[in-house]
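Since the structure comes first, as structure tokens, the remarks are kept for the end.
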Amino acid sequence: LAKAQGKNRLVVYADGMAATARRRAELQQDLQVAVEGEQLAVHYQPTVRLSDGRTTGFEALVRWHHPLHGLVSPAEFIPLAEESGAITAIGRWVLHEAVAQGAAWSRETGEPLRMAVNLSPRQMADTDVTAEVRAALEASGFPAEQLTLEVTEGVLVRDVDRVVEQLEELRSFGVRVAIDDFGTGFSGLSYLRRLPADIIKIDRSFISDLPAGRSAATLIASIVELARTLGLDVVAEGVETDEQREVLRAMECGSAQGYFFSRPEPAGRAGARLGLAAGTTPVG
Ligand code: C2E
Ligand code: MG
Ligand code: MG
Ligand code: MG
């Protein structure tokens, strides 16, 4: 019986792998038309300053409404888009969309709201990111100083010198660079030394262990201290409870994002949080 069960399990496993491969191939193909097909949307998650609870800006997070599969998570399709190269078109679209939205909100609130956009390694390798960012800023009138580009240590897998050069150039005209998912990679400190950065975003996995996990608290406190020493701002990702918010505030972590404050939302709803009338502000 055990043998038979083992055999069945193998069959199920092989079936699962085939289904996964099929879905990947299908999604990868469908991604080619997702941008032109208007299947993509940008959702916005606020960044909150912990000292006074104010929303200082947003992170743009792409969403894909697949005509057959419904909502597909970026955690699933961004890696596929990286592989196929579709990320360059997607990334460019998100960038334009996000800075246009940031410009509209800044104008309407009269406040210099920040906008953060994620950049993928392939986008930095295959495109002239600097020129694209300039073009997007010019088209929207969004000030460079209000734009943050988020990169992970994945960008260092490719041509390190080129990446450093690109980020330095972006910073030279005022754009800020954030190191996303900090603490999850292999190189940690050494890549902090190599990547020109202004902001560290502490990965959600550390925050989710708060407040009980004492080692998480110790690590977060040392990241906050390290950032202070280096003159960098800190954002904590994935804050889900008031307790976590309070622990982070007490550590003098500058800002935070997370479901406790708000999930990523469509522009209309995110704008309503700024006190703007729904329906008037979405640019997409
Ligand atoms: P990320 O840049 O680290 O974004 C944070 C992710 O954590 C988002 O997932 C967000 O919805 C989620 N999150 C925020 N607060 C909480 C919380 O309190 N609890 C939990 N459990 N999750 C929270 P999302 O939107 O699914 O995006 C996943 C990843 O996909 C992003 O991670 C980013 O690496 C990538 N991504 C999303 N949009 C883009 C894009 O436009 N371009 C590129 N290159 N990558 C993107
Ligand atoms: Mg990010
Ligand atoms: Mg992140
Ligand atoms: Mg993360």
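We count ligands from 1, going down the list as the structure has it; atoms in each ligand are counted the same way.
- The residue T152 has no part lying near ligand 1, judged by heavy-atom distances below 4.0 Å.
- For the residue pair Q123 / T88, no side-chain donor-acceptor distance below 3.5 Å is found, with atom types taken as modelled.
- Inspection of the Q45 and E265 side chains reveals no N or O donor paired with an N or O acceptor under 3.5 Å.
- Considering backbone and side-chain N/O of P74, none are found under 3.5 Å from N/O of ligand 1.
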Is there a salt bridge (charged side-chain N to carboxylate O under 4.0 Å, His left out) between D233 and R176? Walk through the geometry before answering. CA-CA 10 Å; D233 286 341; R176 306 209 306 163; 3.1 Å; yes
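- Exactly one residue among V62, T148, V94 makes a side chain to side chain contact (heavy atoms under 4.5 Å, CB included) with V117. That residue is V94.
- Shown in contact with P264 at under 4.0 Å from a heavy atom are these atoms of ligand 1, numbered in order with element: 11 (O).
- With respect to the salt-bridge test (charged N to carboxylate O, under 4.0 angstrom), the residues E240 and R204 do not qualify.
- In E59, the part holding a heavy atom less than 4.0 Å from any atom of ligand 1 is the side chain.
- Atoms of ligand 1 lying under 4.0 Å from at least one heavy atom of N118, given by number and element, are 2 (O), 42 (N), 43 (C), 44 (N), 45 (N), 46 (C).
- Contact analysis puts R63 in contact with ligand 1, with a non-hydrogen atom separation below 4.0 angstrom.
- When you scan the N, O or S atoms of E150 for the one nearest the Mg ion (ligand 2), you land on OE1.
- Rounding to 10 degrees, one finds that the Mg ion (ligand 2) sits at the corner of an angle of 180° between E59 OE2 and D180 OD2.
- In this comparison of I78, L119, D180, I90, the heavy atom closest to atom 1 (P) of ligand 1 sits on D180.
- Checked by distance only, ligand 1 and Q257 stay at 3.5 Å or farther apart across all their nitrogen or oxygen atoms.
- The backbone N or O of G183 sits nowhere less than 3.5 Å from a side-chain atom of D203 that would complete a donor-acceptor pair.
- Residues V99 and F173 are members of one and the same hydrophobic cluster, defined by side-chain heavy-atom contacts under 4.5 angstrom among Ile, Leu, Val, Met, Phe, Trp and Tyr.
- By the criterion of side-chain heavy atoms lying less than 4.5 angstrom apart, applied directly or through intervening Ile, Leu, Val, Met, Phe, Trp or Tyr residues, I199 is not grouped with V234; the two fall into different hydrophobic clusters.
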Side chain to side chain donor-acceptor pair (under 3.5 Å), that's the test. Do E59 and N118 meet it? Break it down for me. CA-CA 8 Å; E59 176 175 3; N118 294 283; 2.8 Å; yes
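- Contacts with ligand 1 closer than 4.0 Å are made by no heavy atom of K201, backbone or side chain.
- Residue G91 places no heavy atom under 4.0 Å from ligand 1.
- Taking backbone and side-chain atoms together, D181 has no N/O/S atom less than 2.8 Å away from the Mg ion (ligand 2).
- A perpendicular orientation is assigned to the rings of Y44 and F58, their planes being inclined by more than 60° (bins at 30° and 60°).
- Counting heavy atoms under 4.0 Å from ligand 1, residue R204 touches it through the side chain alone.
- When non-hydrogen atoms are compared, ligand 1 lies under 4.0 Å from the backbone of S120 as well as from its side chain.
- The contact set between ligand 1 and Q45, taken as ligand atoms under 4.0 Å from a residue heavy atom, comprises 14 (C), 15 (N).
- Counted by atom type alone, E26 and H69 present one or more donor-acceptor pairs between their side chains at under 3.5 Å.
- With a 4.0 Å heavy-atom cut-off, ligand 1 is reached by the side chain of V94 but not by its N, CA, C or O.
- The contact set between ligand 1 and E240, taken as ligand atoms under 4.0 Å from a residue heavy atom, comprises 17 (C), 18 (O), 19 (N), 20 (C), 21 (N).
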